[in-house]
Amino acid sequence: FTYLILHEKNEKGRGQSSHGHELVAGTPINKYLRHSHRTWAHPGGNGSGLARIQWEDDAHAELKCAGGDGSEQELVYWHKPTPQDDNWTSPWQGSEPPKYVTFESDNGGWNNVRMALESVLVFARATGRTVVLPPDENFYFPDPGVKPKDYFEHRNGYGDFFPFAEMRARLGPAAMISMEEFLARECYPGHLGAKPLLPEAEDPRQRPALRGRALRDYLRALAEANTGGGSWFLPKFKEGGRLSFLAVPSAPGVQWRGGEREAAGVAERLKTFAAGREELVLEGPWVSARVVHFAAWPNKGYRMLMHSYCLFFFADQSLDRRMKRFVRDHIRYHDKIYCAAHRVLKLLRRDTAQHAGLPAGSRGTFSSFHVRHGDFQFKVVRQDAATILANSRDLLLPGETVFVATDEPRSTRAAFFKPLAAEYQLKFLDDYAKEAGLKELLSSDNMYGMVDSIVAAQGRVFVGTWFSTFSGYIIRLRGYLNTGRESFYYFPKKKYVMQSADPPSDPFYTREWPTAWEHIDG
């Protein structure tokens, strides 16, 4: 390890970085200096008074933004995928005919959708199946000031948000195909059961698209009719109110029960991972079915509202780490979304420096909140701003700038946040949207919440909303950036859960767990 030995006292007698982090002599420098082009400077902000330290980390990918100055690299947490990871082949991957994973998008908010998507992609990658991406659809993106009837105004595909074309190029064309390609290849010819009931067309390109409810019902009907020994399998992770998880042996043919399951090192990990849940095993139709279909059918127990690292137990720990790297390095937002966030972040740092009275050009620091208040169903955490402040004041520096990601409508925002605004300089994404040119940079208004989360993840400390998967994802980003432990919740009973070493437990989705990002390389 390389250690930081320079130590400068601030007014409280503690060393402090230009990020606002406390520095203690002997602290591993790689905890703080994570990315190439990252520099460490005097708390004054302009680098004077303390020699600049350049930290080069070739593992991280590169983010290049139009008009960027290199500082955008501070947002990058994902690593350049290695040939060892890209060229890895699942031991479960069979020969012809190809096997697929189809799925329905979760019917909750965007971060529930993203969570389920990650699980689908991890399952497909770990088992060597081809992911079939659904057609463009209307996702639930609640946004301040938008009426509920307009939530679904925009139709998007997953490729609008994630660099799946890049993933397919790296992993090969068999990694992912479109629903149109899947239907043409397997369903219209009747290879997997009943054909779709659509008008015939001499030219297949003129055939009307199968989408929406009609597509959902067709896939469900096929899966229900042919599951269990047939071409399809419809897995369920909740039965009779009990949750389950999938145990993945190290290789096909390995005896699980009475064998690897009881092996030293596996049994202990499995017991902790299970956390009281039922155990399913990757065998039978999980392996033999041509298509595994993950339905979003909550009233029948079909829903994957769980992080992938809590849903799949890998007996092979190297595979467990590989799948966590796969999520970190591939399932991240498009560069254009990160570049938009960087524009906002530069403006926010400018205003923060001015507020602190630092010289022009200084790099200001801020803390961040996510306050979910509008239509959030968990009323116990829908607290007023005075209560939020009382529960969080000890985490903040007096008078500092606080960036707030929120669904509080613009029309009531000033009144709602008045107690916080009386003590801190509050900033919102709206304050910078025009100056940053977000309309010109982003192809969809549905990307604003993604920008919000990326900016909030850069806070000195972060305070989130318990139960919220939006807050959870911000903490995951902070975990990738090595600041996950400096994250809190304003709900008093859960304020310090990110400082605990507890393993994942039910309800798993309410927060992120450090196992997602800690010790996943190598």
Side-chain angles (χ1 to χ4, degrees), residues 92 99-127 129-134 137 139-140 157-158 161-162 164 176 179 215-216 219-220 222-224 227 232-248 273-287 289 291-314 319-320 323-324 326-328 330-331 377 467-470 472-473 476 504-513 515-516:
W92 302 90
K99 294 179 179 179
Y100 304 94
V101 178
T102 56
F103 68 100
E104 302 166 22
S105 298
D106 191 88
N107 48 19
W110 169 250
N111 280 285
N112 293 357
V113 173
R114 177 196 48 74
M115 187 190 304
L117 173 70
E118 288 181 358
S119 293
V120 169
L121 295 175
V122 165
F123 174 77
R125 179 67 175 149
T127 59
R129 290 177 175 267
T130 298
V131 174
V132 180
L133 288 178
E137 54 189 297
F139 294 113
Y140 174 42
Y158 286 106
F161 309 122
F162 301 100
F164 285 162
M176 186 176 292
M179 180 60 71
L215 174 62
R216 181 202 69 185
L219 296 175
R220 285 181 181 178
L222 274 180
E224 285 190 301
T227 198
W232 291 72
F233 180 49
L234 188 65
K236 181 183 290 189
F237 288 104
K238 189 174 184 179
E239 190 73 65
R242 291 207 66 184
L243 293 173
S244 56
F245 66 95
L246 182 67
V248 181
F273 186 93
R277 293 174 290 171
E278 294 286 341
E279 176 189 319
L280 306 173
V281 183
L282 186 68
E283 60 186 8
W286 281 101
V287 178
V291 184
V292 174
H293 180 68
F294 291 111
W297 208 348
N299 61 336
K300 290 199 173 187
Y302 298 104
R303 193 183 188 191
M304 292 198 299
L305 188 60
M306 197 178 302
H307 306 295
S308 61
Y309 57 86
C310 296
L311 191 58
F312 304 116
F313 173 83
F314 295 102
L319 180 55
D320 179 72
M323 291 302 103
K324 290 170 181 174
F326 171 70
V327 172
R328 179 193 66 191
H330 283 289
I331 311 175
Q377 69 267 41
F467 286 119
S468 168
T469 51
F470 187 96
Y473 190 56
R476 167 103 71 87
S505 59
D506 190 28
F508 298 87
Y509 72 92
T510 55
R511 54 167 287 193
E512 293 278 353
W513 306 82
T515 184

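One is the number of the first residue; the rest follow in order along the sequence. No hydrogens, no waters, no symmetry mates; every other heavy atom, side chains included, goes into these values.
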Checklist entry - Does the side chain of Lys300 come within less than 4.5 Å of Arg220's, by heavy atoms? => result no
Next on the checklist: Is the ring pair Phe314/Phe312 parallel, tilted or perpendicular, if the boundaries are 30 and 60 degrees?
Outcome noted: tilted
Checklist entry - Got a second to check how far Phe508's CZ is from Thr510's OG1, nearest 0.5 Å? => result 9.5 Å
Checklist entry - Between Phe273 and Phe245, how do the two ring planes meet: parallel, tilted or perpendicular, split at 30° and 60°? => result perpendicular
Item to check | Point-to-point distance, once rounded to the nearest 0.5 Å, from SG of Cys310 to CZ of Arg277 | outcome: 6.5 Å
Item to check | Side-chain donor/acceptor of Arg242 to backbone N/O of Gly276, under 3.5 Å | outcome: yes
Item to check | From CG (Leu280) to CZ (Phe313), nearest 0.5 Å | outcome: 14.0 Å
Checklist entry - Looking only at heavy atoms, which two atoms of Val248 and Trp92 are closest? And how far apart? => result CG1-NE1, 3.9 Å
Checklist entry - So how far is it from Leu243 CG to Phe237 CZ, rounded to the nearest 0.5 Å? => result 10.5 Å
Checklist entry - Ring centres of Tyr302 and Phe103 under 6.0 Å apart? => result no
Next on the checklist: Quick one, Asp106 and Met304 - any side-chain contact, counting heavy atoms below 4.5 Å?
Outcome noted: no
Item to check | Interatomic distance, Lys99 atom NZ to Thr127 atom OG1 [nearest 0.5 angstrom] | outcome: 9.0 Å
Checklist entry - Closest approach of His293 and Ala223, non-hydrogen atoms and distance? => result CB-CB, 4.3 Å
Checklist entry - Is there a side chain to side chain contact (heavy atoms under 4.5 Å, CB included) between Arg125 and Met323 once you walk through the steps? => result CA-CA 8 Å; Arg125 179 67 175 149; Met323 291 302 103; 3.7 Å; yes
Next on the checklist: Could you check whether any side-chain heavy atom of Ser308 comes within less than 4.5 Å of a side-chain heavy atom of Phe123, counting everything from C-beta outward?
Outcome noted: no
Item to check | Main-chain N/O of Arg511 paired with His307 side-chain donor or acceptor, under 3.5 Å | outcome: yes
Item to check | Geometric class of the Trp286/Phe294 ring pair [parallel <30°, tilted 30-60°, perpendicular >60°] | outcome: tilted
Item to check | Side-chain heavy atoms of Trp232 within contact of Thr102, under 4.5 Å | outcome: yes
Checklist entry - So Arg476 and Glu118, salt bridge (charged side-chain N to carboxylate O under 4.0 Å, His left out) or not? Walk me through it. => result CA-CA 13 Å; Arg476 167 103 71 87; Glu118 288 181 358; 2.9 Å; yes
Checklist outcome for this item: Taken to the nearest 0.5 Å, the spacing of Glu137 CD from Met179 CE works out to 9.5 Å
Checklist entry - Looking at Thr130, Leu121, Val132, which hits side chain to side chain contact (heavy atoms under 4.5 Å, CB included) with Met176? => result Leu121
Next on the checklist: Evaluate Lys324 against Thr515 for side chain to side chain contact (heavy atoms under 4.5 Å, CB included), listing each step before the verdict.
Outcome noted: CA-CA 9 Å; Lys324 290 170 181 174; Thr515 184; 2.9 Å; yes
Checklist entry - With respect to Asn112, which candidate in Thr469, Asn107, Leu117 satisfies the side chain to side chain contact (heavy atoms under 4.5 Å, CB included) definition? => result Thr469
